Student: 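Let me begin by handing over the structure; questions about it come next.
What you are looking at is a predicted structure, and each value in this text was computed from that prediction instead of being measured.
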Amino acid sequence: MLKSILETFTDSNGQARLSAIAGTVELSNLIPPTVSYESRGNLLIIGPHDTITALAPQFSTLNSVTLLATSQAAENTAKTSNDIKVFFSNDVTIKGYLGAFEVNCRVAGTLLDTYINLAEVTIGGDSFDLVVDMSAESIINTEIPAPGYYPVGSGKAAIADVIETLPDMLGTFDKPKYFRLNNDICAHSSRGVSGCTRCVDACPAGALSSNGHAIEINPFLCQGVGTCATACPTEAITYALPDPEKTQNFIYRLLNSYQMAGGVKPTILFFGNRDEENVAAQLPSLPSNVIPIALEELATVGVDTWFSALIYGAHQVLLATNIAYMPATIDRVLKDELAIANNFLTELGFEADRICLFELSSAAEFVAFPASLLPVVDNKIAVMDSGVLAEQLSGTKRDKLFSALDRLHAQSTVRPTLSSVPENAPYGSVECKTDDCTLCMGCVAVCPTRALHAVGGRPGLQFKEQDCVQCGLCEKACPEQVISLKPGVNWDAESRQNTVMIHEEEPACCLSCGKAFAPASMIQMLTEKLQGHSQFQGDAIRRLSMCEDCRVRDIFSDMADDPTSQLRV
């Protein structure tokens with residue numbers, strides 16, 4: 001569809017764009033992981049009595065149809081309509097997905113006036129496979145409905161589409177598993193301390209939750225919008241269809257091909273696959289240097305990919321939005337990422353509109369970004385005028401972002417040293433009141449990125465600012481409350497990337513083996529506090545000055561010499 005429209009542009013940019021798109025292969029997962037649903041065709045329709053009884057005959061080819069009326073009937077009992085059992089309840093809960101919906105409700109006149117699992121009463125204990133909800137307010141209140149759940153009454157699903165598609169919803173259905181999850185580097189929780197919730201707050205499908213100590217993602221509820229991966233600061237969650245690195249590699253090769261074909265000043269237009277028809281309709285209204293790039297969903301890439309595109313030579317980056325379909329959570333996540341991106345650009349003295357949202361319906365009003373506002377760059381930076389592309393960025397998404405920012409900073413006429421960031425942005429440093437720090441290493445134990453880490457071999461606390469995601473775990477875990485977060489961006493790449501010593505002390509060496517095992521001040525403090533305790537009388541107090549191994553050996557040695565000592569308190 002897009003190719004035929006691109007062929008209509010005959011100027012140099014248009015021809016370069018066509019050549020670049022035709023000649024650049026987009027790499028994707030050849031065999032992506034999948035999840036499977038199984039539907040036996042057991043349908044539940046919920047809503048006002050007259051509405052659902054009129055709708056039920058449309059689905060006579062399904063295995064079973066159960067009706068649950070939420071409006072008050074003349075008799076508050078189970079009835080039969082067209083050989084279909086009708087139940088009545090205005091107290092209903094539903095959870096699940098295609099092939100596995102659990103429906104619990106208080107049904108009067110059926111068994112007891114109590115909560116029941118409706119599937120056990122109606123279809124012999126199997127779960128409902130499909131749910132059509134005709135209620136004005138959806139019972140499952142998520143911005144993106146679960147597969148198999150059709151909230152027609154609230155307007156999130158069209159009744160005509162439901163009538164057409166439901167009869168075919170029988171059998172096994174596969175969909176991609178859109179994400180990868182690595183809880184080892186997750187900043188959500190550690191050792192009972194709560195931290196980052198960015199991914200949970202970013203999911204419009206209700207697929208993410210916290211079990212109290214880790215993030216869980218239900219692959220059957222995940223709809224692949226990618227906001228969790230975009231919001232995640234540590235890459236504990238990454239998008240897998242494809243992963244952002246493949247997308248960035250594609251952008252690099254695409255812009256390179258565009259330049260080699262003679263194109264200049266390209267504008268990247270990212271759009272979600274669902275908006276392909278809208279993009280095709282609006283593309284003739286846009287300049288020939290606008291290069292459309294399809295994504296699984298618009299929010300699957302974030303600030304690191306946007307800045308990579310600028311570094312690789314994009315004149316501007318547009319994010320195609322469609323007001324007809326933009327759940328509030330996706331809109332918020334995109335705007336949060338844009339706020340960060342725009343903050344970086346303006347702090348560096350560049351124009352914020354180099355990365356911006358672009359409503360597809362306003363394509364006819366689009367004004368190309370002025371060429372006179374291109375950054376002044378040297379041949380080490382990718383820009384179409386120079387004829388030289390930068391090397392591809394590498395590392396984590398955080399490494400790539402800072403590499404891009406450092407390159408822009410080098411060309412900036414402003415050259416800031418420190419900048420503030422929008423609220424909740426995952427960039428910054430920490431402050432430590434070293435006079436009160438005992439080097440207990442509680443902060444090190446919970447840090448998900450090793451921004452805070454021990455020296456090794458002696459008591460000391462080190463910090464690497466570029467790795468700090470401002471999750472707050474260290475601040476909450478510190479028993480002395482001497483650590484505090486300091487949001488912001490340090491534009492000095494060397495100091496941001498280098499490891500600095502926050503606090504160190506003379507070590508206490510084990511009385512037995514001589515190994516350094518703790519800060520000397522801590523051992524002195526413990527000795528002063530515990531010298532009157534019954535467990536540390538006599539020679540026992542010296543165990544505080546031993547390492548953990550020697551301490552255990554000393555205890556068992558005393559027990560061997562005097563077995564009754566363990567009975568004395």
Student: If you measure from the Lys or Arg side-chain nitrogens to the Asp or Glu carboxylate oxygens, is any gap between Lys335 and Asp331 under 4.0 Å?
Tutor: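 Answer for the salt bridge query: yes.
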Student: Is the closest side-chain donor-acceptor distance between Asn249 and Gln392 under 3.5 Å?
Tutor: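 Gln392 and Asn249 do have a side-chain donor-acceptor pair below 3.5 Å.
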Student: Would you compute the distance between atom NZ of Lys529 and atom NE2 of His533 and round it to the nearest 0.5 angstrom?
Tutor: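 The NZ atom of Lys529 sits 13.5 Å away from the NE2 atom of His533.
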Student: When you compare the side chain of Leu401 with that of Ser308, does any pair of heavy atoms fall below 4.5 Å?
Tutor: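 No - every pair of side-chain heavy atoms lies 4.5 Å or more apart.
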Student: Answer yes or no: does atom CD of Glu506 have more than 12 heavy-atom neighbours from other residues, nucleotides or ligands under 6.0 Å?
Tutor: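 No, the 6.0 Å shell around CD holds no more than 12 heavy atoms from other groups.
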Student: Do the side chain of Lys175 and the main chain of Cys222 share a donor and acceptor less than 3.5 angstrom apart?
Tutor: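 It does hold such a pair.
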Student: Testing Leu452, Asn498, Thr499 for side-chain contact (heavy atoms from CB on, under 4.5 Å) with Lys464, which one passes?
Tutor: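 Of all the options given, the one that passes is Thr499.
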Student: For Tyr258 and Val264, indicate whether the former's side chain and the latter's backbone hold a donor-acceptor pair under 3.5 Å.
Tutor: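 At least one qualifying donor-acceptor pair exists.
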Student: With no hydrogens and no angle check, just 3.5 Å: does a side-chain donor-acceptor pair link His188 and Thr197?
Tutor: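 No.
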Student: Answer yes if the side chains of Thr305 and Gln248 hold a donor-acceptor pair under 3.5 Å, and no otherwise.
Tutor: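 Yes.
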Student: Counting only N and O atoms by type, is there a donor-acceptor contact under 3.5 Å from the side chain of Arg17 to the main-chain atoms of Val290?
Tutor: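 Answer holds: yes.
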Student: Rounded to the nearest 0.5 Å, how far apart are OG1 of Thr24 and CD1 of Ile251?
Tutor: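 Output value for this atom pair is 11.5 Å.
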Student: Under the side chain to side chain contact (heavy atoms under 4.5 Å, CB included) rule, what do Arg543 and Ile555 come out as? Steps first, then yes or no, please.
Tutor: CA-CA 9 Å; Arg543 291 178 185 147; Ile555 291 172; 3.7 Å; yes
Student: CD of Gln481: more than 12 outside heavy atoms within 6.0 angstrom?
Tutor: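 No - once you tally the heavy atoms of other residues, nucleotides and ligands closer than 6.0 Å, there are 12 at most.
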Student: Which of parallel (below 30°), tilted (30 to 60°) and perpendicular (above 60°) describes Tyr97 and Phe220?
Tutor: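 Judged by the thresholds at 30° and 60°, the geometry between Tyr97 and Phe220 is parallel.
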Student: Using a strict threshold of under 4.0 Å (side-chain N to carboxylate O), is an ion pair present between Asp336 and Arg332?
Tutor: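 Result for this pair is yes, salt bridge flagged.
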Student: Could you state the interatomic distance from CG (Leu269) to CD (Gln316), rounded to the nearest 0.5 Å?
Tutor: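 So the CG of Leu269 and the CD of Gln316 are separated by 10.0 Å.
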Student: Work out which heavy atom in Pro176 is nearest to a heavy atom in Val35; give both atom names and the distance.
Tutor: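 Shortest heavy-atom contact: O-CG2, 4.4 Å.
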Student: State, yes or no, whether a side-chain contact exists between Pro242 and Glu296 at a heavy-atom distance under 4.5 Å.
Tutor: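 With C-beta onward as the side chain, the pair stays apart.
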Student: Side chains of Asn256 and Tyr312: any donor to acceptor distance under 3.5 Å?
Tutor: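 No, because no side-chain N or O of Tyr312 sits under 3.5 Å from a partner of the opposite role on Asn256.
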Student: What pair of heavy atoms forms the shortest contact from Leu221 to Gly206, and how long is it?
Tutor: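 What the structure gives for the nearest pair is CD1-O, 3.6 Å.
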Student: Could you pull out the closest heavy-atom pair between Cys510 and Cys547, with the gap in Å?
Tutor: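 In terms of heavy atoms, the two residues are closest at SG-N, 3.3 Å.
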Student: With side chains defined as the heavy atoms from C-beta onward, is the minimum distance between Leu439 and Cys437 less than 4.5 Å?
Tutor: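 The answer is yes; the side chains approach within 4.5 Å.
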Student: Hey, mind stepping through Phe307 and Val317 against side chain to side chain contact (heavy atoms under 4.5 Å, CB included) and telling me if it holds?
Tutor: CA-CA 9 Å; Phe307 273 96; Val317 175; over 6 Å; no
Student: Does this structure show an ion pair linking Arg458 with Glu504, if we count only N-O contacts that are shorter than 4.0 Å?
Tutor: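 Salt bridge between Arg458 and Glu504, a charged N being under 4.0 Å from a carboxylate O: yes.
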Student: Can you give me the closest heavy-atom contact between Ala508 and Ile523, atom names plus distance?
Tutor: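 Here Ala508 and Ile523 meet closest at CB-CG1, 3.6 Å.
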Student: Counting only heavy atoms not in Arg415 (residues, nucleotides, ligands), do more than 12 fall under 6.0 Å from its CZ?
Tutor: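 Counting neighbours around CZ of Arg415, more than 12 heavy atoms of other residues, nucleotides or ligands fall under 6.0 Å, so yes.
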Student: Quick one, Asp554 with Arg551, criterion salt bridge (charged side-chain N to carboxylate O under 4.0 Å, His left out). Give me CA distance, side-chain angles, the key distance, then yes/no.
Tutor: CA-CA 5 Å; Asp554 189 68; Arg551 190 179 308 131; over 6 Å; no
Student: Does Asp399 offer a backbone N or O that forms a donor-acceptor pair with the side chain of Ser403 under 3.5 Å?
Tutor: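 Checking the backbone N and O of Asp399 against the side chain of Ser403, a donor-acceptor pair under 3.5 Å is found.
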Student: If you define the side chain from C-beta out and look only at heavy atoms, does anything of Ser495 sit under 4.5 Å from Asn490?
Tutor: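 Sidechains of Asn490 and Ser495: in contact.
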Student: Side chains of Trp491 and Thr417: does their closest heavy-atom pair fall under 4.5 Å?
Tutor: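 They are not in contact (no side-chain heavy atoms under 4.5 Å apart), so the answer is no.
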Student: Counting C-beta onward and ignoring hydrogens, is there a side-chain heavy-atom pair between Pro519 and Thr438 closer than 4.5 Å?
Tutor: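 Not touching, per the 4.5 Å side-chain cut-off.
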Student: Apply the test side chain to side chain contact (heavy atoms under 4.5 Å, CB included) to residues Met326 and Leu334: give CA-CA distance (whole Å), side-chain angles for both, the deciding distance (0.1 Å), then the verdict.
Tutor: CA-CA 10 Å; Met326 182 57 72; Leu334 282 174; 4.3 Å; yes
Student: Between Arg496 and Glu465, does at least one N-O distance fall below 4.0 Å, as a salt bridge requires?
Tutor: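 Here Arg496 does not pair with Glu465 in a salt bridge, since their nearest N and O are not under 4.0 Å apart.
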Student: Just to verify, which of Leu338, Val303, Ile268, Leu318 counts as forming a side-chain contact (heavy atoms from CB on, under 4.5 Å) with Ile355?
Tutor: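 When Leu338, Val303, Ile268, Leu318 are each tested with Ile355, the side-chain contact (heavy atoms from CB on, under 4.5 Å) holds only for Leu338.
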Student: Checking Ser189 side chain against Ser194 main chain: does a donor-acceptor pair fall under 3.5 Å?
Tutor: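 No.
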Student: Could you report the tightest heavy-atom contact between Ile215 and Cys186, atom names first, then the distance?
Tutor: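 Closest pair (atom of Ile215, atom of Cys186, distance): CG1-SG, 3.9 Å.
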Student: Can you name the closest pair of heavy atoms from Gly224 and Thr300 and give their distance?
Tutor: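 Nearest heavy atoms, Gly224 then Thr300: O-CG2, 4.0 Å.
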Student: Could you grab the distance from atom OG1 of Thr230 to atom NZ of Lys397, nearest 0.5 Å is fine?
Tutor: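 Between Thr230 OG1 and Lys397 NZ, I get 6.0 Å after rounding to 0.5 Å.
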Student: Can you tell me if Arg398 uses its side chain to pair, donor with acceptor, with the backbone of Cys468 under 3.5 Å?
Tutor: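 Checked: pair present.
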Student: State, with a plain yes or no, whether a side-chain heavy atom of Leu310 is found less than 4.5 Å away from one of Leu345.
Tutor: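 Yes, at least one pair of side-chain atoms sits under 4.5 Å.
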Student: CD of Gln223 to OG1 of Thr142: how many Å apart, nearest 0.5 Å?
Tutor: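 Those atoms lie 8.0 Å apart.
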Student: Is there a donor-acceptor pair under 3.5 Å between the side chain of Arg407 and the backbone N or O of Ala404?
Tutor: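 No, because the side chain of Arg407 does not come within donor-acceptor range (under 3.5 Å) of the backbone of Ala404.
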Student: Does the distance from a Lys or Arg side-chain N to an Asp or Glu carboxylate O, for Asp201 and Arg198, drop under 4.0 Å?
Tutor: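 Result for this pair is no, no salt bridge flagged.
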Student: Do His503 and Glu505 meet the criterion of a side-chain donor-acceptor pair at a distance under 3.5 Å?
Tutor: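 Yes, side-chain donor-acceptor contact under 3.5 Å.
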Student: Is it true that, when you exclude Lys177 itself, more than 12 heavy atoms of the residues, nucleotides or ligands shown sit nearer than 6.0 Å to its NZ?
Tutor: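 At most 12 heavy atoms, drawn from other residues, nucleotides or ligands, come within 6.0 Å of this atom.
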Student: Counting distance only, does the side-chain N/O of Arg253 pair as donor-acceptor with the main-chain N or O of Val25 below 3.5 Å?
Tutor: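 Checking the backbone N and O of Val25 against the side chain of Arg253, a donor-acceptor pair under 3.5 Å is found.
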Student: Can you confirm whether Glu297 is buried at CD, in the sense that more than 12 heavy atoms of other residues, nucleotides or ligands lie under 6.0 Å from that atom?
Tutor: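 Count over threshold, so yes.
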Student: Which distance, rounded to the nearest 0.5 Å, do you find between the CG of Leu208 and the CG of Leu181?
Tutor: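 The CG atom of Leu181 is 8.0 Å from CG of Leu208, to the nearest 0.5 Å.
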Student: Assess the pair Phe366 and Phe358: is the distance between their ring centroids shorter than 6.0 Å?
Tutor: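 Yes, the ring of Phe366 comes within the 6.0 Å limit of the ring of Phe358, centre to centre.
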Student: State, with a plain yes or no, whether a side-chain heavy atom of Ser190 is found less than 4.5 Å away from one of Pro448.
Tutor: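 The answer is no; the side chains never approach within 4.5 Å.
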Student: Give a yes or no on whether the backbone of Lys400 and the side-chain of Asp304 come within a donor-acceptor separation of less than 3.5 Å.
Tutor: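 No, because the side chain of Asp304 does not come within donor-acceptor range (under 3.5 Å) of the backbone of Lys400.
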Student: Step through the shown structure and confirm whether more than 12 heavy atoms of other residues, nucleotides or ligands are within 6.0 Å of NZ on Lys95.
Tutor: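 No, not enclosed.
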Student: Keeping the roles fixed (side chain from Glu143, backbone from Thr329), state whether a donor-acceptor pair exists under 3.5 Å.
Tutor: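 At least one qualifying donor-acceptor pair exists.
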